[in-house]
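Written out below as structure tokens is the structure these notes cover.
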Amino acid sequence: MKDPAIRSNRMQCLFALIGASIVAVCVCVGVVMNLVTLYDENFDHMGIRTFCMFTVNSNILAGLAMLLCIPYTVDGLRTGYYHLPDWVVVLMHVAVTAVSLTFLVSLLILAPVKGFVLIFTGSRFFLHGVCPILSIVTFCCFINSHLIRLKESPLALIPVFIYAVVYLVMVVFIGEAHGGWNDFYGFVTRVPLWVSLVLIMPVTYGIAMLLRLGHNRCCLRRREKDAALYRAAYTGADLRQVVEEMARACRRELKTDSIVIPSKTIGYMIQNSGADLDQTELCRRYLEAFLAEA
């Protein structure tokens with residue numbers, strides 16, 4: 001595309017596709033490694049029991065969120081217009097908060113007790129390290145479609161709250177002797193139970209707010225950069241001709257009969273070029289020029 005902001009959009013789309021794909025693949029590799037390992041002297045919950053661990057569940061949630069992102073990134077590369085639905089971005093925020101908690105627990109609680117080599121090798125290399133870190137980078141740096149609102153942040157507490165209730169029931173109320181779980185995270189035996197109960201949700205919310213801050217700052221920085229590109233490229237230009245040429249270039253380069261009118265992009269062009277034009281008119285011109293190129 002000749003349009004600099006669209007070219008920037010496509011690069012963001014490409015990086016998001018790469019990051020989301022790697023996370024999804026690494027989650028699959030890590031979970032499968034746990035499932036086929038029926039016995040590990042250092043970890044009780046292997047094989048089918050691996051789904052008892054929040055590490056595995058949080059990574060699966062992150063992998064699913066990233067998989068949801070992939071069709072939109074592929075379509076963005078195909079059509080030249082990359083945009084994620086708001087609900088997908090919010091789900092990614094929820095999932096990345098969960099794997100970030102996994103990473104911090106692994107780094108600050110499990111690794112000092114069991115050893116860093118043990119906690120970050122084998123399947124745990126993917127589930128404790130690669131997937132959480134890459135999920136954070138992908139979400140904060142390359143998912144720029146939607147600013148996370150303050151009222152959406154508490155949604156990130158839901159997976160942790162559900163697992164905390166299940167863990168409390170299985171470890172404390174049922175107990176290992178009666179078919180429950182042993183305290184493999186040490187939230188009951190290594191520290192007083194009340195400390196874990198008091199800290200877990202505020203810590204999770206703090207992680208969610210930090211991720212929101214990083215994500216929103218990257219979004220705003222990207223929008224400021226795109227606005228500067230628009231101002232440099234289109235101030236004083238005839239946007240009617242620009243939009244028509246954009247449509248013709250899209251038809252020639254993408255070689256597709258499917259049309260996606262980049263209404264948001266056209267709106268940003270009008271907003272940042274200082275032109276006194278109607279967005280609906282320019283969208284109509286885009287459509288007509290696209291069809292005329294057929």
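Side chains are part of it too, since the values below use all heavy atoms of this structure and drop only hydrogens, waters and symmetry mates. Since we're looking at a predicted model, the values are computed, not measured.
Tested against Leu17, the residues Ile70, Thr138, Ile22 include a single side-chain contact (heavy atoms from CB on, under 4.5 Å) partner, Ile70.
We find that Arg221 and Glu224 are not joined by a salt bridge, their nearest charged nitrogen and carboxylate oxygen being 4.0 Å or further apart. We find that Arg240 and Glu244 are not joined by a salt bridge, their nearest charged nitrogen and carboxylate oxygen being 4.0 Å or further apart.
Not counting sequence neighbours, Tyr72 has no partner by the ring-ring contact (aromatic ring centres under 6.0 Å, His included) test. When the ring-ring contact (aromatic ring centres under 6.0 Å, His included) test is applied to Phe103, no partner is found at least two apart in sequence or on another chain.
Residues Phe125 and Val130 have side chains in contact (heavy-atom distance under 4.5 Å, counting atoms from C-beta outward). A 4.5 Å side-chain heavy-atom check between Val105 and Phe187 finds at least one atom pair inside the cut-off. Contact check for Arg212 versus His93: side-chain heavy atoms found under the 4.5 Å cut-off. Annotation: side chain of Ile266 is not in contact with side chain of Leu239 (no heavy-atom distance under 4.5 Å). Residues Asn59 and Ser135 fail the side-chain proximity criterion, which asks for heavy atoms closer than 4.5 Å. Using a 4.5 Å heavy-atom cutoff, the side chains of Leu211 and Cys140 are in contact. Side chains of Arg217 and Leu213 form a contact here, defined as non-hydrogen atoms less than 4.5 Å apart.
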(message) With ring pair (Phe, Tyr, Trp, His ring centres under 6.0 Å) as the criterion, how do Phe142 and Phe15 come out once you've worked through the C-alpha distance, each side chain's angles and the decisive distance to 0.1 Å?
(response) CA-CA 6 Å; Phe142 307 129; Phe15 285 128; 5.3 Å; yes
(request) Could you please spell out the steps behind the salt bridge (charged side-chain N to carboxylate O under 4.0 Å, His left out) verdict for Arg149 and Glu152? (result) CA-CA 5 Å; Arg149 304 180 182 93; Glu152 293 168 337; 2.8 Å; yes
(message) Using salt bridge (charged side-chain N to carboxylate O under 4.0 Å, His left out), reason through Arg285 and Glu288 one step at a time and then give a plain yes or no.
(response) CA-CA 5 Å; Arg285 284 179 174 269; Glu288 291 174 350; over 6 Å; no
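Using bins of under 30°, 30° to 60° and over 60° for the plane-to-plane angle, the ring pair Phe184/Trp181 lands in the tilted bin. In this pair, Tyr167 and Tyr185 present their aromatic rings tilted. The plane angle is within the 30 to 60° band. The aromatic rings of Phe54 and Tyr163 are tilted relative to each other, their planes meeting at an angle between 30° and 60°.
Under the 4.5 Å side-chain contact rule for hydrophobic residues, Leu64 and Val90 share a cluster. Hydrophobic clustering (ILVMFWY, side-chain heavy atoms < 4.5 Å, transitive): Leu134 and Val32 are in distinct clusters. Residues Leu168 and Val160 fall within the same hydrophobic cluster, defined by Ile, Leu, Val, Met, Phe, Trp and Tyr side chains chained together at heavy-atom separations under 4.5 Å. Placement of Ile207 and Phe161 within a single hydrophobic cluster is found when ILVMFWY residues are connected by side-chain heavy-atom separations under 4.5 Å, directly or transitively.
Considering NE2 of His178 and CE of Met170, their distance stands at 12.5 Å, rounded to 0.5 Å. The line from CD1 of Ile119 to CG of Leu110 is 5.0 Å long, rounded to the nearest 0.5 Å. Rounding to the nearest 0.5 Å places OG1 of Thr265 at 10.0 Å from CD of Gln279. One distance of note links CE of Met209 with OG1 of Thr97; it measures 10.5 Å at 0.5 Å rounding.
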